[in-house]
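Letters A, B, ... are given to chains in the order of the sequence lines, protein chains preceding strands, and every chain is numbered from 1. Just so it is clear, the structure is predicted and the values come from calculations on it, not from any experiment. Because only heavy atoms are used, hydrogens play no part in the values below, and waters and symmetry mates are left out as well, while side chains stay in.
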Amino acid sequence: MINITLPDGAVRQYESGVTALDIAKSISEGLARKVLAAQVNGEVWDASRPIQQDAQLKLLTWNDTDGQMTFWHSSAHLMAEAVESVFPGVKFWVGPALESPKGFYYDMDLGDRKMTEEDLATLEKKMHELSKQGNAYVRKEMPKQEALNYFSGKGDEYKLDLLANLADGEITFYSQGNFTDLCRGPHIPHTGLIKAIKLTSIAGAYWKGDEKNKQLTRVYGVSFPSQKELDEHLTMLEEAKKRDHRKLGKELGIFTMDDDVGPGLPLWLPNGTVIIEELEKLAKETELAAGYKRVVTPHIAKESMYLTSGHLPYYADSMFPAMEMDGEKYYLKAMNCPHHHKIFDAEPKSYKDLPLRLAEYGTCYRYEQSGELFGLMRVRCLHMNDAHIYCTKEQFAQEFKAVNEMYLKYFKIFGIEKYVMRLSLHDPAKLGQKYINEPELWLETEELVRQVLIDTKVPFVEVKGEGAFYGPKIDVQIWSAIGREFTLATNQVDFAQGRRFKLSFTNQQNQPEVPLIIHRAPLGTHERFIGFLLEHYAGRFPLWLAPVQVKVLPISDKFLPYAREVETRLKQADIRAEVDDRNEKIGKKIRDTELMRVPYMLVVGEKEMNEQQVAVRRQGKGDAGALAVDDFIRAAVLEIKERKSE
RNA sequence: GCCGUUGUAGCUCAGUGGUAGAGCACUUCCUUGGUAAGGAAGAGGUCUGGGGUUCAAUUCCCCAUAACGGCUCCA
């Protein structure tokens, strides 16, 4: 007999070799039907795998992330079985479960054949058939040699490649129905649990994620224990689509793209420009208070400067090609730093001038590959909340900390609660190619940054091979309301460019010394940040950011003069106000204004005119009662000034 | 850049081998209406661009281009 400890601390005795499924059955049949997998001593196992010794056991169902992941992984196998029956001879690579977006995929080599959208329906049908058979997922351990023989017999170079990295004794196979695959597992008990299936898309994916390799066919899907859950999932996806910044950006008149202007080059419409200007106002206030100085620089520069900076050759792939002028090559700037360095260098500097903080909302142009462009999130023309801090080694920690604090201040204003700072390091294997070849400086600076992060108690993770070409950086990862993750901003340490530009200041010992440089852009770029905000607020911007803050809605034309009078008073208080002077009924005016997400609607009719009042309506919240015009203005002005998020 | 899908009115989308349709938006008129769509009439399209097949192409084929879903790459 062995002792099984359940999560509530209860200890039960079973015969050795008992399975999690048996244990579930001994508790209740209903539970047994729901069990997908089991956590045995912290490790996720098949629910049907025999347990030989005393163990801590947690039964995993759909309510557990690991249960869902197991479910989707098994669904990938089920899909593979269906694919094999429709495309005999197909070779499979890997088929993992995905947490975000939910579901699974399987990468496969179809040879000369092509899979189309119509095939997905066929495959779904096949999967349902196989699911109804309720075939068990059967685990089998296999010696390496036997596995090698099996796959070389099949001529399956993909699985042989996987086997090459596995040691004898850790090789397992899983079978269900007519399908057998090399797989670590675990799997759910049987295919019958997979009741609702949706194959979502076909895409190309490079083998092992390397663009030099062959492109495999990847099929994405998602599955659930019941149709109801699938429907809910699909509804959620529909909701997410409504918050997509590309859709909202069009509906709210924020930005547009035009084929004649070019891909990745957004045109900012009047409404979007208001938001840009409010963000810049915030940045200017914040930066001036933090001792920054503002500068303005040209959008282009000569080749020689980018040779000095190292952008050429390290960053050449991301720059627009050169323009020839008077026998010189000029480049559009992809970053503002070189220009700022030249400003630092314009006059001799003493340690008394440091730290020097130069800020600019700089316009940069980057040649992003066509397939990478994505709404406002990835563009070719961007406006960066950029600044460079030139400081001594002694000042570095304090300056770096102050930058982190600025991030936190912004996060608070915008209500950004979920974020991670990612310390991005160099990859020693790519020194001299992707990274400036200064191995010791890399290590030294990386340690410096790590230490500051630890000291300032900011939560962070480390990633190799993500650094800038001139130094380590901290990428700030955030998640939009619809679950899209992206890098909002970076905060970089630069030990290379100071020397490359021969920047120096005179230290207290009257000796020249190279300053350390911090690159920082807490608000990232207007493009990405406003794209984020659109999704974050679902287009319902807080009052201070709203393109139109107040819309005055006269009940009928008779009250237009009074509406104009209210508008004038609002504008005198620097409130962005408009009158809806269309010949429409009040219900229509309210509907259209609601859809444009204007924060306040002021309905004015006979009663309001006589009382010098406005009937206030808050977007999304309905009628809020009448107020004297002055009282409304006072409250609105305060809400704007404090940049309240409601 | 690579794989796949798509491109029809300002927007969202039907549709057809015989040179096009709806709803919303727009214009004009009627209506002056109290918290999410009042009514009528009208105007609006080189069916993404180029080439091919055909008596005839928006429709079929090829190329280009852009967007979208991924891969790779990045703020």
Side-chain angles (χ1 to χ4, degrees), chain A residues 101 105 107 114-117 120 200-220 241 244 246-247 250-251 256-264 315 317-318 334-335 364 366-380 382-386 424 434 466 468 473 475-478 486-492 519 521-529 531-532 553-560 582-595 601-608 615-626:
Chain A
Y105 68 79
D107 281 351
K114 256 185 193 163
M115 193 182 287
T116 64
E117 303 274 338
L120 293 185
T200 46
S201 69
I202 306 172
Y206 299 109
W207 184 41
K208 295 185 179 180
D210 188 334
E211 61 183 325
K212 287 187 215 66
N213 284 342
K214 179 169 181 173
Q215 197 155 45
L216 304 176
T217 302
R218 174 175 296 181
V219 182
Y220 282 88
K241 258 191 200 162
D244 190 303
R246 292 166 297 186
K247 185 171 161 64
K250 184 176 275 178
E251 287 170 2
T256 189
M257 300 279 193
D258 187 290
D259 283 357
D260 277 338
V261 177
Y315 201 77
D317 285 350
S318 296
M335 294 181 185
C364 299
R366 296 185 182 176
Y367 180 74
E368 301 290 350
Q369 295 185 73
S370 61
E372 266 117 47
L373 300 173
F374 177 71
L376 286 178
M377 301 301 197
R378 277 293 280 283
V379 294
R380 287 179 175 164
L382 42 99
H383 299 81
M384 201 169 7
N385 172 224
D386 213 357
S424 301
K434 204 178 158 190
E466 291 285 328
K473 62 179 180 179
D475 289 321
V476 182
Q477 299 301 114
I478 58 175
F486 51 89
T487 305
L488 163 69
T490 61
N491 191 1
Q492 308 171 352
H519 303 238
L523 295 177
T525 65
H526 282 321
E527 287 72 17
R528 188 169 285 185
F529 195 58
F532 163 78
L553 310 178
I555 293 286
S556 80
D557 289 355
K558 277 191 260 172
F559 311 105
L560 244 180
R582 295 175 306 166
N583 179 7
E584 294 289 352
K585 291 169 90 163
I586 192 66
K588 172 75 165 163
K589 292 180 186 176
I590 287 172
R591 177 181 156 79
D592 289 348
T593 314
E594 284 278 349
L595 289 175
M601 281 151 268
L602 303 181
V603 177
V604 296
E606 183 152 25
K607 180 170 168 286
E608 290 74 20
V616 180
R617 186 187 164 98
R618 178 86 212 199
Q619 199 272 339
K621 292 192 177 155
D623 198 342

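When atom types are taken as modelled, the side chain of A:Lys214 and the backbone of A:Trp207 share no donor-acceptor pair closer than 3.5 angstrom.
Looking at heavy-atom distances under 4.0 Å, A:Ala615 makes contact with a base. Nucleic acid contact class of A:Phe374 (heavy atoms, under 4.0 Å, all strands): sugar-phosphate only. Here A:Tyr315 lies out of heavy-atom contact (under 4.0 Å) with every strand. As judged by a 4.0 angstrom heavy-atom cut-off over every strand, A:Ile586 is placed among residues touching the sugar-phosphate backbone only. Within 4.0 Å (heavy atoms only), A:Phe486 reaches no atom of the nucleic acid at all. Counting any heavy atom pair closer than 4.0 Å across all strands shown, A:Glu606 reaches a base atom. Heavy atoms of A:Arg378 sit under 4.0 angstrom from at least one base atom. A:Gly625 comes within contact range of no nucleotide atom at all, as no heavy-atom separation falls under 4.0 Å. When heavy atoms are screened at a 4.0 angstrom cut-off, A:Glu608 is found touching base atoms of the nucleic acid. Among the heavy atoms of the strands lying under 4.0 Å from A:Asp259 are primed sugar atoms or P, OP1, OP2 only; no base atom is included.
Atom name P, nucleotides B:rA14 and B:rC2: the rounded distance is 29 Å, in whole Å. For the P atom pair drawn from B:rU31 and B:rU35, the interatomic distance equals 22 Å after rounding to whole Å. To the nearest whole angstrom, the two P atoms, one in B:rC3 and one in B:rC62, are 15 Å apart. Rounded to the nearest Å, the gap between the P atom of B:rA40 and that of B:rG52 is 48 Å. Here, B:rG38 and B:rG33 have their C1' atoms 8 Å apart, quoted to the whole Å. If you take atom C1' in B:rA9 and the same atom in B:rA22, they sit 11 Å apart, rounded to whole Å. Comparing the same atom, C1', in B:rU8 and in B:rG1 gives a spacing of 30 Å after rounding to whole Å. B:rC61 sits 11 Å from B:rU6 when the P atoms are compared, rounded to a whole Å.
Residue A:Gln215 places no side-chain atom within donor-acceptor reach of the base of B:rG1, judged by atom type and a 3.5 Å distance cut-off alone. With hydrogens and angles ignored, no donor-acceptor pair under 3.5 angstrom links the side chain of A:Glu372 to the base of B:rA75.
Closest to the side chain of A:Leu595, from the set B:rG33, B:rA36, B:rC74, is B:rA36. Nearest to the side chain of A:Lys558, among B:rC11, B:rG34, B:rU32, sits B:rU32. Which of B:rU12, B:rU32, B:rC74 sits closest to the side chain of A:Asn583 comes down to B:rU32. For A:Ile590, whose side chain is taken as the heavy atoms from C-beta onward, the closest listed nucleotide among B:rU32, B:rU35, B:rA75 is B:rU35.
Salt-bridge check for A:Asp210 with A:Lys208: failed, with every basic side-chain N at 4.0 Å or more from each acidic carboxylate O. The pair A:Arg617-A:Glu594 meets the salt-bridge criterion, since a charged nitrogen lies less than 4.0 angstrom from a carboxylate oxygen.
By the 30° and 60° cut-offs, the orientation of the rings of A:Tyr220 relative to A:Tyr105 is tilted.
Contact between the side-chain N/O atoms of A:Arg246 and the OP1/OP2 oxygens of B:rG69 is found at a separation under 4.0 Å. Residue A:Lys607 has no polar side-chain atom (N or O) positioned under 4.0 Å from OP1 or OP2 of B:rG34. Between B:rC3 and A:Lys114, no contact under 4.0 Å exists linking OP1 or OP2 to a side-chain N or O. The shortest distance between the side-chain N/O atoms of A:Lys212 and the OP1/OP2 oxygens of B:rG1 is not below 4.0 Å. Side-chain nitrogen and oxygen atoms of A:Tyr206 include none within less than 4.0 Å of the OP1 or OP2 phosphate oxygen of B:rG70.
Considering A:Leu120, A:Asp107, A:Thr200 as possible partners of A:Val219, the one that fulfils the side chain to side chain contact (heavy atoms under 4.5 Å, CB included) test is A:Leu120.
Pair assignment for B:rC2 gives B:rG70, based on Watson-Crick or G-U wobble hydrogen-bonding distances that are each under 3.5 Å. Pairing partner, B:rC26: B:rG42, with both Watson-Crick or wobble hydrogen-bond distances short of 3.5 Å.
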